[in-house]
Engineer: 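First the structure, which I've put down as structure tokens, then a few questions once you've had a look.
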Amino acid sequence: MPAHVIVGTQWGDEGKGRVVDWFAAQSDIVARYGGGDNAGHSIHVGSEIFKLHLVPSGITYPDTICVMGNGMVINPHTLARELRELAARGVDISPGRVLLSDAAHLILPTHIALDQAMEARRGGRAIGTTSRGIGPAYTDKAARAGLRAALLRHPGELARQARARIEQHNRVLEGAYEAQPVDAEQAIEALGEVAAFLAPYLSDTPLYLHQALAEGKTLLCEGAQATLLDLDHGDYPYVTSSSATVGGAITGLGIGPQHMARVTGVVKCFSTRVGAGPFPTELHDEMGDRLRGSGENPWDEFGTTTGRPRRCGWLDTVLVRYAARINGLTDIVITKLDVLSGIETLQVADAYRMDGTTLRELPRDLEILACCEPVYQPLPGWQEDISGARALADLPGAARQYVETVERLAGTPVSQVTVGPEREQVVETAHG
Ligand code: GDP
Ligand code: IMO
Ligand code: MG
């Protein structure tokens, strides 16, 4: 398998990190292709939990090369902290096994200040961003005003360009948003310090990946965010600013489409969304609270990056079908099935109803989507603890029926079902 892409099919936090961790065992290279530290990918390795924001989820396998691609936006301070924390836990973070594309863009402190000021200005129409400066950093990239990571090699030029950018951002912060400016000299000094630490990681990663694929190495492309958060294909404007879908893996890593042999969509068995925006199957009742959990389990639905409680609701297979179409999914992994144990009757949406008509495809127009009601199929629940299941035959009949229903409604084969956050808590199917 030359390149295998893992993408989120919903609004993020489907469990992509743990799915990447599973497939990383058979991959030479794991590469993130988009987004920045707005992502939070949790992986459980034995008794340890790793919460990764920038470093790819293959990092705990000592022989796996981890690449941060040109499609990413990098807060250099977060990256340095994450690498140092991993080193303190005994993980090998040496340059050569961790590569940072010199064409990735840098997030400056003023990008973060602008993100916050713009959200405050949006008032009731705020996107609910992660406040990590993601939108403003990609805006500068598209405006050809951004700073590429390659500058980390050139302290003088880095300081000059960062100063010019920060001063320009400060004028906007003060003039347009009446917000506090950022101390440019302090920011530049901090950037200089972190640049010295990060420069050895810089690499021409598209060239590296091209050569590795030519040598027959296997590449796992780690999606962040998800299909409904994708800048083009999500429910704009309640999206992130990167291409989270499969096309983003091609531009965000600089490799050709002929390598993409498998595209796996990660489907959480219920829906969550952490920011604002449409959510047809959202539950505002006790069942929503039940799906979220109280926060005492590490997997309960509170943001890895921001700690915000996630909005929760039933699974919406209209979205999964949409994700299958946009990404050309070859298979899906259903995650967190164990969380549904103990619920008497489950609901799965397979269409929407609007003004007496039934819609089976996701409306792209938010005004239309706002008028849609989900059409549910009720399914029997199960009471058993399924966290020890390792084969489909170990699952109670109702759990198998749930998986088969999702597979049928998604129109895509299920290759795996996860039944707990631990590495081995996986049920592989015949398609796995
Ligand atoms: P990502 O952003 O898509 O990588 O997902 P997150 O890591 O943000 O959120 C998924 C959460 O669910 C993490 O806490 C995972 O450890 C946890 N998780 C993943 N798979 C399972 C599962 O099968 N069962 C349970 N209970 N938790 C899981
Ligand atoms: P992972 O990779 C869930 C959401 C934010 C907000 C919108 C825009 O862990 O699945 P941004 O800060 O990107 O400008 O915010 O996108 N968002 C995520 N939600 N999981 C993520 O990543 C997310 N990354 C961004 O909550 O609604
Ligand atoms: Mg996450």
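Computation of the quantities below employed the complete heavy-atom set of this structure, encompassing side-chain atoms and omitting hydrogens, waters and symmetry-equivalent molecules. Indexing begins at 1, ligand by ligand and atom by atom, following the structure's order.
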Engineer: For the residue pair W382 and Y402, categorise the inter-ring angle as parallel (less than 30°), tilted (30 to 60°) or perpendicular (more than 60°).
Structural biologist: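 Perpendicular.
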Engineer: Check for a donor-acceptor pair, side chain of R311 on one end and backbone N or O of R273 on the other, with a separation under 3.5 Å.
Structural biologist: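 No, because the side chain of R311 does not come within donor-acceptor range (under 3.5 Å) of the backbone of R273.
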Engineer: For ligand 1, which atoms have a heavy atom of H41 less than 4.0 angstrom away?
Structural biologist: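 Counting from 1, the qualifying ligand atoms are 1 (P), 2 (O), 4 (O), 7 (O).
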Engineer: Applying side-chain contact (heavy atoms from CB on, under 4.5 Å), run through Q347 and M287 and close with a yes or a no.
Structural biologist: CA-CA 11 Å; Q347 308 284 347; M287 187 54 74; over 6 Å; no
Engineer: Please could you name the atoms of ligand 1 that K16 approaches to less than 4.0 Å, counting only its heavy atoms?
Structural biologist: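 Answer, ordered by atom number: 1 (P), 2 (O), 3 (O), 4 (O).
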Engineer: Say whether, by atom type as modelled, one donor and one acceptor occur between the side chain of Q10 and the main chain of V267 under 3.5 angstrom.
Structural biologist: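 Looks like no, no N/O pair under 3.5 Å.
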Engineer: Is there a heavy atom of V239 sitting under 4.0 angstrom from any atom of ligand 2?
Structural biologist: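 Yes; V239 lies near enough to ligand 2 that a heavy-atom distance drops under 4.0 Å.
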Engineer: Under 3.5 Å between any N/O of A276 and any N/O of ligand 2: does that happen in this structure?
Structural biologist: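 It does not: no N or O of A276 is found under 3.5 Å from an N or O of ligand 2.
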Engineer: Nearest to atom 26 (N) of ligand 1, what protein heavy atom do you find, and at what distance?
Structural biologist: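 For atom 26 (N) of ligand 1, the nearest protein heavy atom is D338 OD2, 2.7 Å.
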Engineer: With a 3.5 Å cut-off and no angle check, do the side chains of H4 and T264 form a donor-acceptor pair?
Structural biologist: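 There is such a pair between these side chains.
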Engineer: Please compare G128, G8, S131 and report which has the shortest non-hydrogen distance to atom 6 (C) of ligand 2.
Structural biologist: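 The nearest heavy atom belongs to G128.
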Engineer: Any side-chain heavy atom of R132 sitting closer than 4.5 Å to one from N75?
Structural biologist: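 Side chain of R132 against side chain of N75, heavy atoms only: no contact under 4.5 Å found.
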Engineer: Where is the nearest protein heavy atom to atom 27 (O) of ligand 2: which residue, which atom, and how far?
Structural biologist: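 Going atom by atom, the protein heavy atom closest to atom 27 (O) of ligand 2 ends up being G275 CA, 3.3 Å.
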Engineer: Answer with side chain, backbone, both or neither: which part of D13 has a heavy atom less than 4.0 angstrom from an atom of ligand 1?
Structural biologist: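 For D13, backbone and side-chain atoms both sit under 4.0 Å from ligand 1.
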Engineer: Just to be sure I read this right, does ligand 1 sit under 4.0 Å from the backbone of H44, its side chain, both, or neither, counting only heavy atoms?
Structural biologist: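 Side chain only.
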Engineer: Among I134, V274, L229, V73, exactly one meets side-chain contact (heavy atoms from CB on, under 4.5 Å) together with N38. Which residue is that?
Structural biologist: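 For N38, the side-chain contact (heavy atoms from CB on, under 4.5 Å) test succeeds with only one of I134, V274, L229, V73, which is I134.
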Engineer: Run down the list G12, G8, G293, P298 and name the one with the heavy atom closest to atom 14 (O) of ligand 1.
Structural biologist: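 Selected option, by shortest heavy-atom distance: P298.
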Engineer: Just to be sure I read this right, does ligand 2 sit under 4.0 Å from the backbone of K16, its side chain, both, or neither, counting only heavy atoms?
Structural biologist: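 For K16, the contact with ligand 2 is made by the side chain alone.
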Engineer: Heavy-atom distance to atom 5 (O) of ligand 1: which of S387, G15, C269 wins?
Structural biologist: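 Among S387, G15, C269, the closest heavy atom to atom 5 (O) of ligand 1 comes from G15.
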Engineer: Identify the protein heavy atom lying closest to atom 15 (O) of ligand 2, giving its residue, its atom name and the separation to 0.1 Å.
Structural biologist: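 The closest one turns out to be T129 CA, 3.4 Å.
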Engineer: Answer yes or no for S241: is there a heavy-atom contact with ligand 2 below 4.0 Å?
Structural biologist: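 Flag not set, S241 not near ligand 2.
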Engineer: Taking only heavy atoms of D13, which atoms of ligand 2 are found under 4.0 Å from at least one of them?
Structural biologist: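 This gives 1 (P), 3 (C), 9 (O), 10 (O), 20 (N) as the contact atoms.
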Engineer: With no hydrogens and no angle check, just 3.5 Å: does a side-chain donor-acceptor pair link Q168 and R171?
Structural biologist: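 A pair is found: one side chain offers a donor N or O, the other an acceptor, under 3.5 Å apart.
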Engineer: Can you list the atoms of ligand 1 that are under 4.0 Å from a heavy atom of E14?
Structural biologist: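 Once the distances to E14 are compared, the set is 3 (O), 5 (O).
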Engineer: Could you tell me if T281 and D316 have a donor-acceptor pair between their side chains, going purely by distance under 3.5 Å?
Structural biologist: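 Side-chain D/A pair, D316 to T281: absent.
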Engineer: Output the list of atoms in ligand 1 that are nearer than 4.0 Å to some heavy atom of T418, sorted by atom number.
Structural biologist: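 It comes down to these atoms of ligand 1: 20 (N), 21 (C), 22 (C), 23 (O).
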Engineer: Check all N, O or S atoms of D13 and name the one closest to the Mg ion (ligand 3).
Structural biologist: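 The nearest such atom is OD1.
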Engineer: With a cutoff of 4.0 Å, is K336 in contact with ligand 1, counting heavy atoms of the residue only?
Structural biologist: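 Flag set, K336 near ligand 1.
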Engineer: For R18 and ligand 1, does the shortest N/O to N/O distance drop below 3.5 Å?
Structural biologist: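 Indeed, backbone or side chain, R18 has an N or O that close.
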Engineer: May I ask you to check whether D140 and H105 show a side-chain donor-acceptor distance below 3.5 Å?
Structural biologist: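 No donor-acceptor contact under 3.5 Å links the two side chains.
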Engineer: Report the nearest protein non-hydrogen atom to atom 16 (O) of ligand 2: residue, atom name, distance rounded to 0.1 Å.
Structural biologist: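 The closest one turns out to be L229 CD2, 3.6 Å.
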Engineer: Return the residue, atom name and 0.1 Å-rounded distance of the protein heavy atom closest to atom 7 (O) of ligand 1.
Structural biologist: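 For atom 7 (O) of ligand 1, the nearest protein heavy atom is S42 N, 2.8 Å.
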Engineer: Thinking salt bridges, do R81 and D37 make one under a 4.0 Å N-O criterion?
Structural biologist: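 Looking at R81 and D37, the cut-off is not met.
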Engineer: Can R290 be said to sit on top of F270's aromatic six-ring, NZ or CZ under 6.0 Å from centre and within 45° of the ring axis?
Structural biologist: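 No, a cation-pi geometry is absent between R290 and F270.
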Engineer: Output the list of atoms in ligand 2 that are nearer than 4.0 Å to some heavy atom of A224, sorted by atom number.
Structural biologist: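 Counting atoms of ligand 2 from 1, those under 4.0 Å from A224 are 2 (O).
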Engineer: Would you call D13-K268 a salt bridge at under 4.0 Å N-O?
Structural biologist: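 Not counted as a salt bridge, because no side-chain N and carboxylate O are separated by less than 4.0 Å.
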Engineer: What part of N38, side chain from CB on, backbone N/CA/C/O, both or neither, has a heavy atom under 4.0 Å from ligand 2?
Structural biologist: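 Both parts.
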Engineer: Which residue and atom name correspond to the protein heavy atom nearest atom 27 (N) of ligand 1, and how close is it?
Structural biologist: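 Here the closest protein heavy atom is W299 CB, 3.3 Å.
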Engineer: Any idea which part of W11 is under 4.0 Å from ligand 2, heavy-atom wise: side chain, backbone, both or neither?
Structural biologist: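 The backbone, only.
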Engineer: Would you please say whether a donor-acceptor pair under 3.5 Å links the side chains of T218 and D28?
Structural biologist: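 A donor-acceptor contact under 3.5 Å links the two side chains.
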Engineer: Going by the atom numbers of ligand 2, which of them fall below 4.0 Å from some non-hydrogen atom of R308?
Structural biologist: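 What qualifies from ligand 2 is 26 (O).
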Engineer: Report yes or no: is the cationic atom of R321 (NZ for Lys, CZ for Arg) closer than 6.0 Å to the six-membered ring centre of Y352, at no more than 45° off its axis?
Structural biologist: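 No; the conditions do not both hold, so R321 does not lie above the ring face of Y352.
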Engineer: What is the closest protein heavy atom to atom 4 (O) of ligand 1, and at what distance does it sit?
Structural biologist: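 The answer is G17 N, 2.8 Å.
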Engineer: Looking at ligand 1, is there an atom of it that comes within less than 4.0 Å of some heavy atom belonging to E301?
Structural biologist: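 Per 4.0 Å heavy-atom rule, E301 does not contact ligand 1.
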Engineer: Between H41 and ligand 2, which part of the residue brings a heavy atom under 4.0 Å of the ligand: side chain, backbone, both or neither?
Structural biologist: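 Under 4.0 Å from ligand 2, H41 contributes side-chain atoms alone.
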Engineer: Only one of V91, T60, I59 forms a side-chain contact (heavy atoms from CB on, under 4.5 Å) with V45, so which one is it?
Structural biologist: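 So, applying the side-chain contact (heavy atoms from CB on, under 4.5 Å) to V45 and each of V91, T60, I59, only T60 qualifies.
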Engineer: Under 4.0 Å between a side-chain nitrogen and a carboxylate oxygen: does that hold for R18 and D21?
Structural biologist: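 Result for this pair is no, no salt bridge flagged.
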Engineer: Answer side chain, backbone, both or neither: which part of V419 comes under 4.0 Å from ligand 1, heavy atoms only.
Structural biologist: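 It is the backbone that touches ligand 1; the side chain stays farther off.
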Engineer: For Q416, which part has a heavy atom under 4.0 Å from ligand 1: side chain, backbone, both, or neither?
Structural biologist: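 Within the 4.0 Å criterion, Q416 makes no contact with ligand 1.
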Engineer: Hey, are the side chains of I255 and L219 touching, using non-hydrogen atoms and a 4.5 Å cut-off?
Structural biologist: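 A side-chain contact under 4.5 Å exists here.
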Engineer: Looking at A184, is its backbone amide N or carbonyl O close enough to the side chain of E167 to form a donor-acceptor pair, meaning the two atoms are under 3.5 Å apart?
Structural biologist: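 No, the answer is negative, given that no donor and acceptor are paired below the 3.5 Å cut-off.
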Engineer: To the nearest 0.1 Å, how far is atom 12 (O) of ligand 2 from its closest protein heavy atom, and which atom is that?
Structural biologist: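 Protein heavy atom with the smallest distance to atom 12 (O) of ligand 2: T130 OG1, 2.6 Å.
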Engineer: With atoms numbered from 1 as shown, which atoms in ligand 2 lie under 4.0 angstrom from a non-hydrogen atom of V274?
Structural biologist: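 Taking each heavy atom of V274 in turn, ligand 2 has 3 (C), 19 (N), 26 (O) under 4.0 Å.
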Engineer: So is G40 polar-close to ligand 1, meaning N/O to N/O under 3.5 Å?
Structural biologist: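 Yes, since at least one N or O of G40 sits under 3.5 Å from an N or O of ligand 1.
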Engineer: Measure the spacing between CG of L83 and CG of L198 and express it to the nearest 0.5 Å.
Structural biologist: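 So the CG of L83 and the CG of L198 are separated by 7.0 Å.
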Engineer: With no hydrogens and no angle check, just 3.5 Å: does a side-chain donor-acceptor pair link E222 and H41?
Structural biologist: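 Yes, because at least one side-chain N or O of E222 sits under 3.5 Å from a partner of the opposite role on H41.
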Engineer: Between the Mg ion (ligand 3) and G40, is there an N, O or S atom separated by less than 2.8 Å?
Structural biologist: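 A backbone or side-chain N, O or S atom of G40 is under 2.8 Å from the Mg ion (ligand 3).
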Engineer: Any nitrogen or oxygen of G420, side chain or backbone, less than 3.5 Å from one on ligand 1?
Structural biologist: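 Yes - when backbone and side-chain N and O of G420 are compared with those of ligand 1, one distance drops under 3.5 Å.
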Engineer: Short N/O distance, under 3.5 Å, between T240 and ligand 2?
Structural biologist: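 Looking only at distances, the answer is yes, because the N/O contact criterion of under 3.5 Å is met.
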